[in-house]
Chemist: 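Quick one: structure below, then a few questions.
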There are 2 protein chains.
Amino acid sequence: MPEAADGRAQTTSRREQLLAIAAEQFATKGYKFTTVRDIAEAAGILSGSLYHHFDSKESMVDEVLRTFQAELFGRYEAILASDADARTKLEQAVEVSFETIDRHPHEVAIFQNEAAHLGAFERFAYLAERNRESRAVWITLLEDGVRAGALRAELDVELTYRFIRDTVWVAVAWYRPGGRRSHTEVARQYLTILLDGIAAREES
Amino acid sequence: MPEAADGRAQTTSRREQLLAIAAEQFATKGYKFTTVRDIAEAAGILSGSLYHHFDSKESMVDEVLRTFQAELFGRYEAILASDADARTKLEQAVEVSFETIDRHPHEVAIFQNEAAHLGAFERFAYLAERNRESRAVWITLLEDGVRAGALRAELDVELTYRFIRDTVWVAVAWYRPGGRRSHTEVARQYLTILLDGIAAREES
DNA sequence: GTCTATACGGCGATAGAC
DNA sequence: GTCTATCGCCGTATAGAC
């Protein structure tokens with residue numbers, strides 16, 4: 001990652017490298033369990049040197065989460081704005097989510113594991129805001145689905161939203177990029193369960 | 001809780017009281033974020049006094065988790081051993097899980113949030129063992145369901161197990177005992193989604 | 001069974017040399 | 001941009017009086 005063979009833009013700045021290293025540590029050991037000395041060591045420098053690049057350990061998670069969320073929500077908005085039918089949009093939202101787990105597993109893990117704690121500080125108030133946005137996206141998708149007749153009418157939309165959100169994001173705990181199942185495959189299987197259930201259909 | 005009006009066993013020992021207080025703190029703030037001074041203060045004593053009852057902060061989580069797991073797995077075993085049909089057993093396992101969230105929300109939360117970190121230490125090796133046991137329970141239920149013709153034959157059992165486990169336990173993050181939906185109601189709704197899916201059935 | 005007092009270590013962060 | 005050195009704080013845990 002650090003070197004580009006040809007002369008083309010080697011855009012990964014030192015700052016971004018360090019953030020990527022920090023993100024990996026935060027994701028695997030947890031934010032609180034990761035010391036600035038851990039991050040520095042993984043980067044091959046000493047802890048004091050980190051403060052040339054960042055104000056504090058807190059600033060590091062902050063930047064990691066902000067960047068990640070901006071990208072993710074950009075993609076959700078694109079889906080909402082498209083003119084696909086309700087069921088397709090729902091499927092796309094699920095696919096984008098699993099793709100995000102595939103591409104940014106560390107960032108997703110940090111968000112999953114630390115958002116609750118961090119959200120308590122004013123600095124991280126945007127996390128709660130993003131949570132509300134996310135809920136709005138899924139609820140809209142589900143309600144549109146019901147209205148269009150694609151989803152069952154008696155659906156408890158609120159509960160369904162929670163189940164979807166939980167299952168999709170918690171998958172970061174076991175999904176391994178480059179593993180046996182691709183993110184596309186996982187999304188497809190998941191959608192089958194979600195849409196059609198696991199029970200055998202009785203022939204009528 | 002501390003007092004029993006009649007002469008009958010007032011079984012909540014001081015030890016159990018302290019453990020309950022610790023569990024609540026661990027669950028809401030996280031194990032690492034909870035200091036022994038926090039626990040002591042919540043109990044109305046000083047931190048040094050805690051060490052009259054327990055070796056260490058670690059011993060406290062340990063005891064909380066061990067007790068909880070023993071009870072939960074006892075219930076799973078009872079279901080497996082019963083002579084109900086495959087679909088009923090699966091439903092019962094889901095119901096027991098939500099009931100456990102209702103009765104022991106703190107313990108479930110601690111297990112959910114801390115098991116990954118704690119599992120690294122030999123002292124908590126049993127957490128990984130319980131995880132394997134849990135997987136065995138669900139996989140058995142699912143495979144029996146497929147064999148009995150109650151569940152779809154093409155089911156990816158491994159993936160389905162993960163989705164069930166994730167959704168059921170993560171519900172501890174939002175389920176509130178005594179709230180608007182009872183655990184029985186949540187379990188029922190969840191089973192509908194899981195078994196029959198959320199898509200409208202096309203009339204054949 | 002609880003308190004007072006305190007040890008010991010590791011953490012985040014800073015100042016200034018190179 | 002990194003290193004050396006170090007500060008101040010807060011965490012767990014201990015020893016012994018009451």
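Letters A, B, ... are given to chains in the order of the sequence lines, protein chains preceding strands, and every chain is numbered from 1.
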Chemist: Could you state the atom-to-atom distance from CZ of A:Arg15 to P of D:dT2 in whole Å?
Modeler: 13 Å

Chemist: With a 4.0 Å cut-off on N to O distance, would you call B:Lys89 and B:Asp144 a salt bridge?
Modeler: no

Chemist: For B:His53 and A:Thr35, take the nucleotide of DNA chain C holding the closest heavy atom to each; which residue's nucleotide lies nearer the 5' end?
Modeler: B:His53

Chemist: Whether B:Ser49 contacts C:dG1 is assessed here as follows: a side-chain N or O lying under 4.0 Å from the phosphate OP1 or OP2. Is that the case?
Modeler: no

Chemist: Using heavy atoms to find the nearest nucleotide of DNA chain C for A:Lys57 and B:Leu18 separately, return the residue whose nucleotide is more 5′.
Modeler: B:Leu18

Chemist: What is the separation between atom CG on A:Asp38 and atom P on C:dG10, rounded to the nearest whole Å?
Modeler: 13 Å

Chemist: Within the pair A:Arg14 and D:dT2, is there a side-chain N or O less than 4.0 Å away from OP1 or OP2?
Modeler: yes

Chemist: Tell me: CD of A:Gln25 to P of C:dC11, nearest whole Å?
Modeler: 13 Å

Chemist: Mind calculating the distance between CG (B:Leu46) and C1' (D:dG11) to the nearest angstrom?
Modeler: 16 Å

Chemist: Reckon B:Ser59 touches a base, only the sugar-phosphate, or nothing at all at heavy-atom distances under 4.0 Å?
Modeler: nothing

Chemist: Take atom CZ of B:Arg37 and atom P of C:dT6, then tell me their distance rounded to the nearest Å.
Modeler: 14 Å

Chemist: Using a cut-off of less than 4.0 Å, is there contact between a side-chain N or O of A:Ser56 and OP1 or OP2 of C:dG12?
Modeler: no

Chemist: Below 4.0 angstrom from OP1 or OP2 of C:dT14, is there any side-chain N or O of A:Tyr51?
Modeler: no

Chemist: Should the pair B:Glu158-B:Arg135 be classified as a salt bridge under the 4.0 Å nitrogen-to-oxygen rule?
Modeler: yes

Chemist: Please give, in whole Å, the distance from C:dG10 P to A:Phe33 CZ?
Modeler: 16 Å

Chemist: Can B:Ser56 and B:Ser59 be counted as having a side-chain donor-acceptor contact under 3.5 angstrom?
Modeler: yes

Chemist: Within less than 4.0 Å of OP1 or OP2 of D:dT2, is there a side-chain N or O belonging to A:His52?
Modeler: no

Chemist: Using whole Å, what does the distance between atom P of nucleotide C:dA15 and atom CG of A:Asp55 come to?
Modeler: 13 Å

Chemist: Is the shortest side-chain N to carboxylate O distance from B:Asp196 to A:Arg152 below 4.0 Å?
Modeler: no

Chemist: Over how many whole Å does the gap from A:Met60 atom CE to C:dC11 atom C1' extend?
Modeler: 13 Å

Chemist: Would you call the rings of A:Tyr190 and B:Phe163 parallel, tilted or perpendicular, where under 30° means parallel and over 60° means perpendicular?
Modeler: tilted

